[in-house]
Amino acid sequence: KAGVTQTPRYLIKTRGQQVTLSCSPISGHRSVSWYQQTPGQGLQFLFEYFSETQRNKGNFPGRFSGRQFSNSRSEMNVSTLELGDSALYLCASSLGHGGGDTEAFFGQGTRLTVV
Amino acid sequence: GNSVTQMEGPVTLSEEAFLTINCTYTATGYPSLFWYVQYPGEGLQLLLKATKADDKGSNKGFEATYRKETTSFHLEKGSVQVSDSAVYFCALTGGGATNKLIFGTGTLLAVQP
(Lines give C-alpha, C1' and ligand atoms only; values in the text may rest on other atoms or scores of the structure.)
Protein backbone atom coordinates (compact mmCIF):
# COMPACT_ATOMS: atom_id res chain seq x y z
CA LYS A 1 0.00 0.00 0.00
CA ALA A 2 1.12 3.57 -0.54
CA GLY A 3 3.14 5.15 2.22
CA VAL A 4 2.92 8.58 3.76
CA THR A 5 3.28 11.28 1.14
CA GLN A 6 4.57 14.72 1.96
CA THR A 7 4.61 17.58 -0.50
CA PRO A 8 6.58 19.44 -1.49
CA ARG A 9 9.91 17.74 -0.76
CA TYR A 10 11.86 20.98 -0.79
CA LEU A 11 10.93 24.61 -0.25
CA ILE A 12 12.85 27.85 -0.14
CA LYS A 13 11.06 30.83 1.38
CA THR A 14 11.97 34.33 2.45
CA ARG A 15 11.74 35.63 5.99
CA GLY A 16 8.29 37.00 6.74
CA GLN A 17 6.51 34.80 4.21
CA GLN A 18 4.18 31.98 5.10
CA VAL A 19 4.25 28.37 3.98
CA THR A 20 1.86 25.42 3.84
CA LEU A 21 3.05 21.84 3.92
CA SER A 22 0.90 18.86 3.05
CA CYS A 23 0.74 15.29 4.31
CA SER A 24 -1.33 12.42 2.95
CA PRO A 25 -1.41 9.55 5.45
CA ILE A 26 -1.67 5.87 4.73
CA SER A 27 -5.17 4.88 3.69
CA GLY A 28 -7.24 4.06 6.76
CA HIS A 29 -5.00 5.93 9.18
CA ARG A 30 -6.83 8.61 11.13
CA SER A 31 -3.99 10.09 13.18
CA VAL A 32 -1.44 12.48 11.72
CA SER A 33 1.41 13.97 13.73
CA TRP A 34 3.94 16.58 12.70
CA TYR A 35 7.55 16.90 13.87
CA GLN A 36 10.28 19.42 13.30
CA GLN A 37 13.83 18.11 12.91
CA THR A 38 16.83 20.40 13.26
CA PRO A 39 20.50 19.68 14.00
CA GLY A 40 20.35 21.74 17.19
CA GLN A 41 17.03 20.69 18.69
CA GLY A 42 16.61 17.23 17.21
CA LEU A 43 13.10 15.89 16.66
CA GLN A 44 10.39 17.94 18.30
CA PHE A 45 6.67 17.25 18.32
CA LEU A 46 4.51 19.97 16.78
CA PHE A 47 0.95 18.64 16.94
CA GLU A 48 -1.26 15.62 16.39
CA TYR A 49 -4.61 15.45 14.64
CA PHE A 50 -7.17 12.71 14.92
CA SER A 51 -10.48 12.74 13.07
CA GLU A 52 -10.07 16.43 12.18
CA THR A 53 -9.44 17.46 15.79
CA GLN A 54 -6.16 18.54 17.31
CA ARG A 55 -5.50 15.96 19.98
CA ASN A 56 -2.14 17.13 21.25
CA LYS A 57 0.13 20.11 20.80
CA GLY A 58 3.83 20.70 21.34
CA ASN A 59 5.59 23.76 22.62
CA PHE A 60 5.73 25.91 19.50
CA PRO A 61 4.58 29.50 18.95
CA GLY A 62 1.18 30.25 17.48
CA ARG A 63 2.79 30.90 14.07
CA PHE A 64 2.70 27.13 13.67
CA SER A 65 -0.74 25.78 12.97
CA GLY A 66 -2.31 22.79 11.34
CA ARG A 67 -5.49 21.17 10.31
CA GLN A 68 -6.85 17.84 9.17
CA PHE A 69 -9.48 17.21 6.54
CA SER A 70 -12.24 14.64 6.47
CA ASN A 71 -10.10 12.34 4.29
CA SER A 72 -7.38 12.49 7.01
CA ARG A 73 -5.01 14.52 4.87
CA SER A 74 -3.29 17.16 6.94
CA GLU A 75 -1.65 20.49 6.35
CA MET A 76 0.58 22.56 8.54
CA ASN A 77 1.12 26.25 8.12
CA VAL A 78 3.91 28.46 9.35
CA SER A 79 3.32 32.20 9.17
CA THR A 80 5.84 35.03 9.38
CA LEU A 81 8.76 32.74 8.70
CA GLU A 82 11.98 33.16 10.65
CA LEU A 83 15.44 31.89 9.80
CA GLY A 84 15.17 29.46 12.71
CA ASP A 85 12.20 27.74 11.06
CA SER A 86 14.57 26.15 8.57
CA ALA A 87 14.21 22.44 9.24
CA LEU A 88 13.03 19.09 8.01
CA TYR A 89 9.33 18.75 8.75
CA LEU A 90 8.18 15.18 9.15
CA CYS A 91 4.67 13.84 9.12
CA ALA A 92 3.72 10.54 10.74
CA SER A 93 0.50 8.61 10.33
CA SER A 94 -0.99 5.99 12.63
CA LEU A 95 -4.20 4.06 12.92
CA GLY A 96 -4.98 6.42 15.77
CA HIS A 97 -5.77 4.35 18.81
CA GLY A 98 -2.96 5.92 20.74
CA GLY A 99 -1.29 4.39 23.74
CA GLY A 100 1.87 3.51 21.87
CA ASP A 101 0.63 0.18 20.64
CA THR A 102 0.32 1.27 17.04
CA GLU A 103 3.19 1.97 14.69
CA ALA A 104 3.85 5.46 13.38
CA PHE A 105 4.78 5.57 9.69
CA PHE A 106 6.82 8.56 8.62
CA GLY A 107 6.95 10.40 5.33
CA GLN A 108 10.23 11.49 3.75
CA GLY A 109 9.73 15.01 5.01
CA THR A 110 9.67 18.50 3.60
CA ARG A 111 12.97 20.35 3.75
CA LEU A 112 12.17 24.02 4.40
CA THR A 113 14.90 26.61 3.99
CA VAL A 114 14.21 30.18 5.07
CA VAL A 115 16.52 32.82 3.60
CA GLY B 1 7.89 15.51 32.08
CA ASN B 2 8.77 12.54 29.94
CA SER B 3 12.20 12.48 28.34
CA VAL B 4 14.71 10.23 26.58
CA THR B 5 18.48 10.36 27.00
CA GLN B 6 20.52 8.75 24.31
CA MET B 7 24.18 7.95 23.88
CA GLU B 8 26.12 10.65 22.06
CA GLY B 9 27.54 9.81 18.69
CA PRO B 10 28.96 9.36 16.27
CA VAL B 11 29.71 5.69 16.77
CA THR B 12 32.21 4.27 14.30
CA LEU B 13 32.56 0.50 14.01
CA SER B 14 34.13 -1.99 11.70
CA GLU B 15 31.92 -4.45 9.86
CA GLU B 16 30.91 -7.45 12.01
CA ALA B 17 31.59 -5.59 15.26
CA PHE B 18 29.14 -5.67 18.17
CA LEU B 19 26.90 -2.63 18.57
CA THR B 20 25.39 -1.11 21.68
CA ILE B 21 23.60 2.24 21.73
CA ASN B 22 22.47 3.26 25.19
CA CYS B 23 19.06 4.75 25.89
CA THR B 24 17.49 5.67 29.21
CA TYR B 25 14.16 7.31 29.82
CA THR B 26 12.17 9.26 32.36
CA ALA B 27 8.43 8.79 32.31
CA THR B 28 5.38 8.64 34.49
CA GLY B 29 3.23 5.58 34.14
CA TYR B 30 4.08 2.85 31.67
CA PRO B 31 5.45 4.18 28.40
CA SER B 32 5.93 2.21 25.22
CA LEU B 33 9.51 2.31 23.93
CA PHE B 34 10.76 2.42 20.36
CA TRP B 35 13.87 2.49 18.23
CA TYR B 36 13.59 4.32 14.92
CA VAL B 37 16.21 4.47 12.18
CA GLN B 38 16.79 7.25 9.67
CA TYR B 39 18.81 6.63 6.53
CA PRO B 40 20.30 9.61 4.66
CA GLY B 41 17.64 11.67 2.93
CA GLU B 42 14.82 9.58 4.33
CA GLY B 43 12.13 9.79 6.98
CA LEU B 44 12.12 7.59 10.05
CA GLN B 45 11.39 3.88 10.02
CA LEU B 46 10.35 1.87 13.04
CA LEU B 47 13.08 -0.63 13.85
CA LEU B 48 11.59 -2.29 16.93
CA LYS B 49 9.35 -1.61 19.90
CA ALA B 50 8.41 -2.88 23.36
CA THR B 51 5.21 -2.03 25.14
CA LYS B 52 5.75 -3.36 28.66
CA ALA B 53 8.49 -4.19 31.12
CA ASP B 54 10.76 -7.13 30.21
CA ASP B 55 9.48 -7.19 26.63
CA LYS B 56 12.21 -7.69 24.05
CA GLY B 57 11.80 -6.04 20.67
CA SER B 58 13.76 -7.46 17.77
CA ASN B 59 14.09 -6.89 14.03
CA LYS B 60 16.80 -7.37 11.39
CA GLY B 61 19.26 -8.66 13.99
CA PHE B 62 18.71 -5.69 16.32
CA GLU B 63 17.37 -6.23 19.83
CA ALA B 64 16.36 -4.10 22.80
CA THR B 65 14.86 -5.09 26.15
CA TYR B 66 12.52 -2.87 28.15
CA ARG B 67 14.13 -2.64 31.60
CA LYS B 68 11.87 -0.87 34.05
CA GLU B 69 14.23 -1.25 37.00
CA THR B 70 17.00 0.64 35.18
CA THR B 71 14.64 2.70 32.95
CA SER B 72 16.65 1.63 29.94
CA PHE B 73 16.10 0.35 26.40
CA HIS B 74 19.56 -0.22 24.96
CA LEU B 75 19.88 -1.19 21.31
CA GLU B 76 22.20 -4.09 20.42
CA LYS B 77 23.29 -5.97 17.35
CA GLY B 78 25.76 -8.78 17.31
CA SER B 79 27.37 -8.11 13.93
CA VAL B 80 26.87 -4.80 12.12
CA GLN B 81 27.01 -4.31 8.37
CA VAL B 82 27.92 -1.30 6.28
CA SER B 83 24.23 -1.06 5.35
CA ASP B 84 23.39 -0.40 9.03
CA SER B 85 25.02 3.03 8.80
CA ALA B 86 22.29 5.48 9.75
CA VAL B 87 21.00 7.62 12.59
CA TYR B 88 19.21 5.73 15.36
CA PHE B 89 16.59 7.36 17.59
CA CYS B 90 15.24 6.04 20.85
CA ALA B 91 11.69 7.22 21.58
CA LEU B 92 8.75 6.76 23.90
CA THR B 93 5.05 7.43 24.04
CA GLY B 94 3.51 8.26 27.35
CA GLY B 95 0.31 6.33 26.91
CA GLY B 96 -3.23 7.61 26.76
CA ALA B 97 -5.11 8.68 23.68
CA THR B 98 -2.15 10.06 21.77
CA ASN B 99 0.53 8.88 19.37
CA LYS B 100 2.92 11.66 20.38
CA LEU B 101 6.52 10.43 20.33
CA ILE B 102 9.30 11.89 22.47
CA PHE B 103 12.68 11.30 20.88
CA GLY B 104 16.24 11.14 22.06
CA THR B 105 18.85 13.21 20.26
CA GLY B 106 19.81 10.44 17.85
CA THR B 107 23.05 8.49 17.44
CA LEU B 108 24.89 8.44 14.15
CA LEU B 109 26.33 5.01 13.39
CA ALA B 110 29.03 4.69 10.76
CA VAL B 111 30.12 1.17 9.84
CA GLN B 112 33.34 0.83 7.89
CA PRO B 113 34.16 -2.15 5.67
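Quick note: numbers below take in every heavy atom, side chains included, and nothing from hydrogens, waters or symmetry partners.
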Quiz item: Picking from B:L101, B:I102, B:N2, what satisfies side-chain contact (heavy atoms from CB on, under 4.5 Å) with B:T93?
Solution: B:L101
Quiz prompt | Residue B:L92 versus chain A: region with a heavy atom under 4.5 Å | solution = neither
Quiz prompt | Interchain contact, B:Q38 with chain A, by part (heavy-atom threshold 4.5 Å) | solution = side chain
Practice problem: Specify whether A:Y49 and A:F47 have parallel, tilted or perpendicular ring planes, treating 30° as the upper limit for parallel and 60° as the lower limit for perpendicular. | Solution: perpendicular
Quiz item: Hey, does A:K57 have a side-chain heavy atom less than 4.5 Å from the side chain of A:F64?
Solution: no
Quiz item: So, do B:Q6 and B:W35 sit near enough that their side-chain heavy atoms are less than 4.5 Å apart?
Solution: yes
Non-hydrogen atoms of chain B under 4.5 Å away: do they reach the side chain of [X], the backbone, both or neither?
{"X": "A:Q41", "answer": "neither"}
{"X": "A:R9", "answer": "side chain"}
{"X": "A:Y35", "answer": "side chain"}
{"X": "A:L90", "answer": "side chain"}

Quiz item: Looking at A:R63, A:K13, A:R15, which hits salt bridge (Lys or Arg N to Asp or Glu O under 4.0 Å) with A:D85?
Solution: A:R63
